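If you're wondering where the values come from, they're calculated on a predicted model, not measured in any experiment.
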Amino acid sequence: MKNNVHIVKFFRQRIPTFTCVPGCHDCCGPVLVSTEEMARLPRKSAQEQDAAMAALSCPHLGADGCQVYEERPLVCRLFGTTPRLACPNGKRPAVMIDPLIEDQIYRYFTQTRHVLV
């Protein structure tokens with residue numbers, strides 16, 4: 001697990017950032033998150049999880065946006081940084097993610113246990 005923590009940190013540092021449209025949460029929905037990333041997020045009750053799932057939303061999405069933005073999972077960070085997960089509002093970083101890093105992230109996704117959030 002310690003190795004996966006370092007891998008996640010490595011990837012997080014290589015995903016470019018950009019500013020989202022204020023108030024937009026179009027990419028916030030149920031996503032698969034590695035168990036290492038999930039361990040960094042605050043626990044939500046089964047009721048909160050169920051309500052978010054019923055709304056096709058994320059239990060960490062609050063009235064003012066993502067409540068765990070600094071710790072958001074890799075898949076959330078990828079939105080808007082790659083044509084595979086394009087921002088519905090056309091926002092993007094000045095330079096998109098390096099395709100080799102993106103491929104490594106997707107390989108990581110297939111090699112690690114994930115849970116639905």
Side-chain angles (χ1 to χ4, degrees):
M1 179 158 155
K2 186 175 181 181
N3 190 32
N4 282 346
V5 170
H6 292 295
I7 291 170
V8 169
K9 183 177 180 180
F10 172 85
F11 289 146
R12 287 172 65 165
Q13 293 170 343
R14 283 155 182 81
I15 298 173
T17 61
F18 65 99
T19 303
C20 295
V21 173
C24 176
H25 311 294
D26 289 351
C27 64
C28 301
V31 294
L32 290 174
V33 178
S34 72
T35 53
E36 290 80 16
E37 293 174 287
M38 192 66 185
R40 298 175 65 98
L41 301 177
R43 294 232 180 241
K44 295 292 184 174
S45 70
Q47 184 179 3
E48 290 170 307
Q49 290 273 47
D50 291 345
M53 191 64 67
L56 295 178
S57 185
C58 175
H60 299 288
L61 180 62
D64 296 323
C66 182
Q67 297 173 329
V68 294
Y69 191 79
E70 292 302 317
E71 293 298 327
R72 70 194 186 283
L74 290 172
V75 69
C76 300
R77 292 169 186 269
L78 281 175
F79 276 102
T81 69
T82 169
R84 291 183 191 180
L85 296 172
C87 169
N89 293 301
K91 292 291 190 172
R92 57 175 280 174
V95 177
M96 298 293 262
I97 190 169
D98 179 317
L100 296 175
I101 295 294
E102 181 181 9
D103 287 343
Q104 290 174 356
I105 292 171
Y106 284 115
R107 264 197 311 276
Y108 168 77
F109 287 165
T110 65
Q111 296 170 354
T112 189
R113 182 173 181 263
H114 280 71
V115 293
L116 185 64
V117 175

What distance do [X] atom [atom1] and [Y] atom [atom2] have between them, rounded to the nearest 0.5 Å?
{"X": "Cys20", "Y": "Arg92", "atom1": "SG", "atom2": "CZ", "result": "14.0 Å"}
{"X": "Arg72", "Y": "Arg40", "atom1": "CZ", "atom2": "CZ", "result": "12.5 Å"}
{"X": "Tyr69", "Y": "Cys76", "atom1": "OH", "atom2": "SG", "result": "10.0 Å"}
{"X": "Leu85", "Y": "Phe79", "atom1": "CG", "atom2": "CZ", "result": "5.0 Å"}
{"X": "Tyr106", "Y": "Arg84", "atom1": "OH", "atom2": "CZ", "result": "5.0 Å"}

Candidates Ile97, Ile15, Ile105, Asp98 - the one meeting side-chain contact (heavy atoms from CB on, under 4.5 Å) with Thr82: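 The option that passes is Ile97.
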Lys/Arg-Asp/Glu bridge criterion (N-O < 4.0 Å) met for Arg77, Glu71: no
Any side-chain heavy atom of [X] within less than 4.5 Å of one from [Y]?
{"X": "Lys44", "Y": "Gln67", "result": "yes"}
{"X": "Lys9", "Y": "Gln13", "result": "yes"}
{"X": "Leu41", "Y": "His60", "result": "yes"}
{"X": "Val68", "Y": "Pro42", "result": "yes"}
{"X": "Leu116", "Y": "Met53", "result": "yes"}

Set of residues satisfying ring-ring contact (aromatic ring centres under 6.0 Å, His included) with respect to His114, sequence neighbours excluded: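 Per chain and number, His114 pairs via ring-ring contact (aromatic ring centres under 6.0 Å, His included) with Phe109.
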Identify the two heavy atoms, one from [X] and one from [Y], that lie closest to each other, and give their separation to 0.1 Å.
{"X": "Ala52", "Y": "Pro59", "value": "CB-N, 3.5 Å"}
{"X": "Glu36", "Y": "Thr112", "value": "OE1-OG1, 3.5 Å"}
{"X": "Leu61", "Y": "Cys66", "value": "CD1-N, 3.9 Å"}
{"X": "Cys24", "Y": "Asn89", "value": "SG-ND2, 3.1 Å"}

[X], [atom1]: over 12 other non-hydrogen atoms inside 6.0 angstrom:
{"X": "Gln111", "atom1": "CD", "value": "yes"}
{"X": "Arg12", "atom1": "CZ", "value": "yes"}
{"X": "Lys91", "atom1": "NZ", "value": "no"}

Short side-chain to backbone donor-acceptor contact, Arg14 and Phe10, under 3.5 Å: yes
Partner set under salt bridge (charged side-chain N to carboxylate O under 4.0 Å, His left out) for Glu48, not counting sequence neighbours: none
Side chains of residues 26-34: which donor-acceptor partners sit under 3.5 Å, not counting sequence neighbours?
unit_1	atom_1	unit_2	atom_2	d
Ser34	OG	Glu37	N	3.2
Ser34	OG	Glu37	OE1	3.0
Ser34	OG	Tyr108	OH	3.4

Within one Ile-Leu-Val-Met-Phe-Trp-Tyr cluster: Leu78 and Met38, side-chain cutoff 4.5 Å: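 Same cluster: Leu78 reaches Met38 through Ile, Leu, Val, Met, Phe, Trp or Tyr contacts under 4.5 Å.
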